[in-house]
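Only one structure is covered here, and it is reproduced in the block below.
Letters A, B, ... are given to chains in the order of the sequence lines, protein chains preceding strands, and every chain is numbered from 1.
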2 protein chains.
Amino acid sequence: MPPGLKDVAARAGVSIKTVSNVVNGYVHVAPTTRARVQAAIEALGYVPNMAARQLRSGRSGVIALAVPELQSPYFAEIAGLIVQAAERRSWTVLIDQTDGLAERERDLVEGLRRHAIDGLIFSPLALAGEELALRDGTPMVLLGERVWHGPADHVAIDNTAAAADATRHLTALGRRRIAAIGVQDKPSAVTAHQRLAGYRTALAEAGLTPDPALEMPAEGFHRADGAAAMARLLDEGAPPDAVFCFNDLLALGALRTLLSRGVSVPGDIAVIGFDDIEDGRFSTPTLSTVAPDAPRIAQLAVDLLAERLGDGSAATGSPRELRVDHRLLPRESTGA
Amino acid sequence: MPPGLKDVAARAGVSIKTVSNVVNGYVHVAPTTRARVQAAIEALGYVPNMAARQLRSGRSGVIALAVPELQSPYFAEIAGLIVQAAERRSWTVLIDQTDGLAERERDLVEGLRRHAIDGLIFSPLALAGEELALRDGTPMVLLGERVWHGPADHVAIDNTAAAADATRHLTALGRRRIAAIGVQDKPSAVTAHQRLAGYRTALAEAGLTPDPALEMPAEGFHRADGAAAMARLLDEGAPPDAVFCFNDLLALGALRTLLSRGVSVPGDIAVIGFDDIEDGRFSTPTLSTVAPDAPRIAQLAVDLLAERLGDGSAATGSPRELRVDHRLLPRESTGA
DNA sequence: AGTGGACTATACAACGTTGCAGTACTTACG
DNA sequence: CGTAAGTACTGCAACGTTGTATAGTCCACT
């Protein structure tokens, strides 16, 4: 049985409460007493019992981070950064994998973990809009691209603008038949919609007519989906001279198809992705991409949550939307 | 304030304990009572308070998983699989990132989280041997390649044999100058040592003399390290005709260097990696590798932990070492 | 008719911690 | 010198849950 305040108190010859005061850094404790208690703590190897603390205070010191999947390098990176940011506030991060399942996401929102966590940082895939309204008062910060005025704080890049930047990079190279890979129908697939919108905007700016045959759907955002979409693009009629993939994994899959068929990149077809994952910096050719400022996203998400947790009433203030910068990174796959 | 047993009891007109009994599925509750209580639970949206539960039972239902880094696809995959396996036991997994820092690892082992977690699945990088002995009774399962008879249960593939298999694949192709990338000096870098040993064994079997110039060190196990090591290999004297990289990331980095210099793979140099991460299945050329049975590793780790948690005394039985299978996956980078 | 057992429900204590109220002693000040 | 303010410490209650003990009811079998 691990020692408690009781045991430390007995050993130091003081009351339980005094030990508690020492542990919590209460000021009015005589130096000699404090030293005696500290010694007892050391000797017994006392560690505060978090469960009891939480039961009293209602705070667990744990925040949850819910992402669709950790396998995806982008989310893995975000997760790592958020853990770091949370550590600076000595919070523990509980990582939840939703696999993009609506059911799992709903569980989170409806607060099945309610008592265990102080707040939630959430990157929703299946849920959108009002479905995200939290029933209990647990503060939540949304990550990624939510549309207008959701029910909670929200950190994201300007997705549409970033997609337009990527596409503009291709039109600026003089490409005319520019395909998009990653289109999704589901109304909840906000990311895909926004990137498609940005793509179309940039095409229009360049005076190009959108060709439905060039807007390739993808079930998921993985390499295999990108490879398959690219293959269809090559097999069906006139191939494009450039492709904007809605994320880097799709782009790497597309690259694989192109190279294995002997298509020159960027000679015949230029390719650009989205996210700036590490893989793209070492692929052959290296992958042009749009890089969201991930460290800043992580920092802001944690800061926002901290603000809501700071004052007791989580309801203070209306939801805020924070924009984070993005950068275009031209690499070999578009001829850098 | 969220409702507690007390509130439900009041609404249903029964005692607190009866509600507790209903919640915990105790058999001897009259159907009508049970229904009334269930209705009250629904109406109030009651959710059990985990902190209080843990305080009573000493069990949190949370296990920790500590890995060097989530960015690494191999660990991300393992993490995902462990979360799945734990979910089947309705455990929550707290993922800790050690960044391979000895200090962080020591904190874990010394049980700073002691009260918060029921058990620990740990993939140590910096710590080895007796330093890993847990002071308190928290059950621990070690992941990855620890040497003989550590202080805790341990799940791993036969690292040396797997490395030998990979190297043998290269000698079987008739390659004679086979390099290794990923050598590390630190005594705690057990993985690197074992893979080097396997490599040397296979060379010896093929009647080849090990050439120190072909054993390339790598600071980390990342793409950049692999790319740099490969560059040095090409620049210093006679280049090899095959390379065994100690993991897939190193191999992908090496691939990048080779292709950007116009070296043919596998024509001039064959490349094989280790881990079977998704990236290697979509690189150009696709990457030959050795695949550990990751799902089984995850399942066994969780099972082992469950066993230690089952009976109250965690000390039952001496540490066990479980071997998991691995498979050689020849792909394009060695001429498949 | 009496005894044992299964069934249903309850009361109480305890898990380890902290907020609040309170006690005893010291110092400061008019 | 008396009172107020500050310092050092203590005791009790409460957070929400569950294990143990207990009490009453009903039925079945001697």
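Of the candidate nucleotides D:dG11, D:dG16, C:dA9, D:dG16 has the atom lying nearest to any side-chain atom of B:Lys6. Comparing C:dT8, C:dT17, D:dG19 by their nearest atom to the side chain of A:Ala52 picks out C:dT17. Nearest to the side-chain atoms of B:Ser20 among the listed nucleotides D:dT17, D:dT18, C:dT17 stands D:dT18.
Between the CG atom of B:Leu5 and the P atom of C:dT10 there is a distance of 13 Å, rounded to whole Å. The interatomic distance linking A:Ile16 (CD1) with C:dT18 (C1') rounds to 11 Å, in whole Å. Look at NZ on B:Lys17: it is 9 Å from P on D:dT20, rounded to the nearest Å. Between A:Arg56 atom CZ and D:dA13 atom P the separation is 13 Å, expressed in whole Å. Atom CG of B:Asn21 is separated from atom P of C:dA11 by 13 Å (rounded to the nearest Å). In this entry the distance linking CZ of A:Arg34 with P of D:dC9 reads 9 Å, nearest Å. Summarising the geometry, the separation between CE on A:Met50 and C1' on C:dT17 is reported as 11 Å, rounded to the nearest angstrom. Atom OH in B:Tyr46 sits about 8 Å away from atom C1' in D:dG16, given to the nearest Å.
Both A:Gly4 and B:His28 lie near DNA chain C, and the one whose nearest nucleotide falls closer to the 5' end is B:His28.
Across every non-hydrogen atom of B:Leu70 and B:Gln97, the tightest pair is N-NE2, 3.3 Å.
A 6.0 Å sphere centred on CZ of A:Arg36 holds more than 12 heavy atoms belonging to other residues, nucleotides or ligands.
Using a 4.0 Å cut-off between a side-chain N of Lys or Arg and a carboxylate O of Asp or Glu, A:Arg296 and A:Asp325 do not qualify as a salt bridge.
Across all strands, B:Thr33 comes closer than 4.0 Å only to sugar-phosphate atoms, never to a base (heavy-atom distances). Residue A:Val14 is classed as a sugar-phosphate contact, given heavy-atom separations below 4.0 Å to backbone atoms only.
In this structure, the side chains of B:Thr18 and B:Tyr26 stay at 4.5 Å or more apart for every pair of heavy atoms.
For D:dT10, one of the phosphate oxygens OP1 or OP2 lies less than 4.0 angstrom from a side-chain nitrogen or oxygen of A:Thr18. At the phosphate of D:dT18, OP1 or OP2 sits under 4.0 Å from a side-chain N or O atom of B:Asn24.
With values rounded to the nearest 0.5 angstrom, A:Thr92 atom OG1 is found 12.5 Å from A:Ile117 atom CD1.
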